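To keep things clear, I will list the structure first and then write my remarks on it.
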Number of protein chains: 2
Amino acid sequence: MARPLPQVSTHSSRLLTGTAEYALRALAELAVCAPGEMVRTVDLAKRTGVPEAYLAKVLRRLVSHDVLRATKGHGGGFALARPPDRIRFVEVLEAVDSMPLANRCAFGRPSCSSHDPCPLHPVWTQLKDTFLEWARNTTLADVGRPLVR
Amino acid sequence: MARPLPQVSTHSSRLLTGTAEYALRALAELAVCAPGEMVRTVDLAKRTGVPEAYLAKVLRRLVSHDVLRATKGHGGGFALARPPDRIRFVEVLEAVDSMPLANRCAFGRPSCSSHDPCPLHPVWTQLKDTFLEWARNTTLADVGRPLVR
DNA sequence: ATTTCACCGGACATTCGCATCCGTTGATAC
DNA sequence: GTATCAACGGATGCGAATGTCCGGTGAAAT
C-alpha cells in the first residue's frame, strides 16, 4: 500500500501543465458530488492520485479565485463555488496557471498580429484559438459525459 | 546592445514546450531560404531571438532525427533535410520533445479508453485529438502563409 | 600543411515547476 | 473552555527543462 500512484510524466508536448491537470482531476471529482457536500483534501488526493500536500496548495489557489469554497474544522473541506455548468475550464487554467496565452507570439515578438505577422503567426493562431475555444466552451458539467456537444 | 531578447515566458498553459517553440522558429526561417542554402547557427539565433548556445543544441537534435542536415567548415551550416511541405510539425515535436501524448490519461490511469473512461476522458480526448491533428497536418510549407488550408 | 571555420557532444550551471513540511488559524464537537 | 479537525500559508527541497561553456572533429580556403 501507499503506492506512489501516477504522478505527472515529464518531457512531452503536454498542452496542460501538471498543476492544471491536477486541478481538473479534483474538480471533476467534486463535480459529481452532491451539491454542497464538503470533501476533504485527503479524500480528493486518494480519488485523484494527486500528492496530497501539493493538491492542498492547488485547491487553495482555486479558492482564492472563487472556483471553490472551503470550510475548516469538523465536517469541513472543499466544494464547488457554483454549479458545474457555470465553471469553465478557462477559469480553472487562469487560476492555477495564469494563462496570458491569448496574445503571445510564437516568435517572441512584442507585437505580432495579422497586420504584422511573424512567420509562424497563421499556424500558431490556428492552434491557439482552437485551444482557447475549448477552454472557454468546456465546463465541469461536461466531465464524465459521452461527449455530445 | 547585446539585448537579451524574448526568451520563453514561464508559467502559462503553453501547448508547446519552449524547446519545441525554438525549433519551429528556426525551421520557419530555414523554410523560406533558397533550397540547399546553408545557414549558420549564429545567424539563425539572431533571426529567431533564441539563445545561440541553446539553439545549437536544439538544431543538433533535429539533425539526428533527419529533419535537418548540416555541414561543417567554411560555408557550412544547416538546411532542411527535405522540402518544407514534407516536414510535418509532429516530426519536429517528436525530435525535440518525444511526445507520447497520444495515449496518456489526464487522470493518470494506466489504462483509460472509451470502454473504461476516466471522468475527464471525453473532454480530454477532444483537445488531444485536435492538437494531434494539427501537428500531423501542418507542415513547414504552411508557415508565413495567409492560412488557406 | 596550416589556418580558419562551423558543427559536434559532453560537462556544467541555472531556473522553475513540482512536491514536502510545519506552524497557524478558525470552526466544530465534547 | 478544551480538544480535535481541516484549511491556510510560508519555508524549503528536488529534479527536469533550460541555458552556458569548452575541447574535439571534419571540411574548406590559402
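Keep in mind that what you see is a predicted model, and the values were worked out from it rather than measured.
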inquiry  = I'd like to check A/Val96 versus A/Tyr22 (side-chain heavy atoms, cut-off strictly below 4.5 Å). Are they in contact?
reply    =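 They are not in side-chain contact.
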Side-chain touch B/Leu93/B/Phe131, heavy atoms, less than 4.5 angstrom =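 They are in side-chain contact.
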What is the distance, to the nearest angstrom, from the [atom1] atom on [X] to the [atom2] atom on [N]?
| X | N | atom1 | atom2 | result |
| --- | --- | --- | --- | --- |
| B/Lys72 | C/dT4 | NZ | C1' | 15 Å |
| B/Asp43 | C/dC5 | CG | C1' | 13 Å |
| B/Leu62 | C/dG9 | CG | C1' | 16 Å |
| A/Leu55 | D/dG9 | CG | C1' | 16 Å |
| A/Leu16 | C/dC18 | CG | P | 11 Å |
| B/Arg40 | C/dC8 | CZ | P | 15 Å |
| A/Arg69 | D/dC8 | CZ | P | 12 Å |
| B/Met38 | C/dA6 | CE | C1' | 10 Å |

message = At less than 3.5 Å, do the side-chain atoms of B/Lys57 and the base atoms of C/dG9 form a donor-acceptor pair?
response =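 Side chain to base: no pair below 3.5 Å.
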inquiry  = Quick check: on DNA chain D, is the nucleotide nearest B/Glu52 upstream (toward 5') of the one nearest B/Gly75, or the reverse? Name the residue that is more 5'.
reply    =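 The answer here is B/Glu52.
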key: Earlier contact from the 5' end, DNA chain D, for A/Val42 and B/Ala53   =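 Closest to the 5' end, via its nearest nucleotide, is A/Val42.
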Nearest of [options] to any side-chain atom of [X]?
| X | options | result |
| --- | --- | --- |
| B/Arg14 | D/dT18, C/dA6, D/dA6 | D/dT18 |
| B/Ala70 | C/dC8, C/dA19, D/dT4 | C/dC8 |
| A/Thr17 | C/dC8, C/dC18, D/dG19 | C/dC18 |
| A/Tyr54 | C/dA19, D/dG19, C/dT28 | C/dA19 |
| B/Phe78 | D/dT20, D/dT4, C/dC7 | C/dC7 |

Respond yes when some side-chain nitrogen or oxygen of [X] is under 4.0 Å from OP1 or OP2 of [N], and no when none is.
| X | N | value |
| --- | --- | --- |
| B/Arg60 | C/dG9 | no |
| B/Thr19 | D/dT18 | yes |
| A/Thr41 | D/dA7 | yes |
| B/Tyr22 | D/dT18 | no |

N-O pairing of B/Arg136 and B/Glu91 below 4.0 Å =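 Looking at B/Arg136 and B/Glu91, the cut-off is not met.
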key: Side-chain donor-acceptor contact under 3.5 Å, B/Asp85 with B/Thr139   =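 B/Thr139 and B/Asp85 do not have a side-chain donor-acceptor pair below 3.5 Å.
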task = Show your reasoning for whether side-chain hydrogen bond (donor to acceptor under 3.5 Å, both in side chains) applies to A/Tyr54 and A/Thr19.
result = CA-CA 9 Å; A/Tyr54 191 62; A/Thr19 302; 2.6 Å; yes
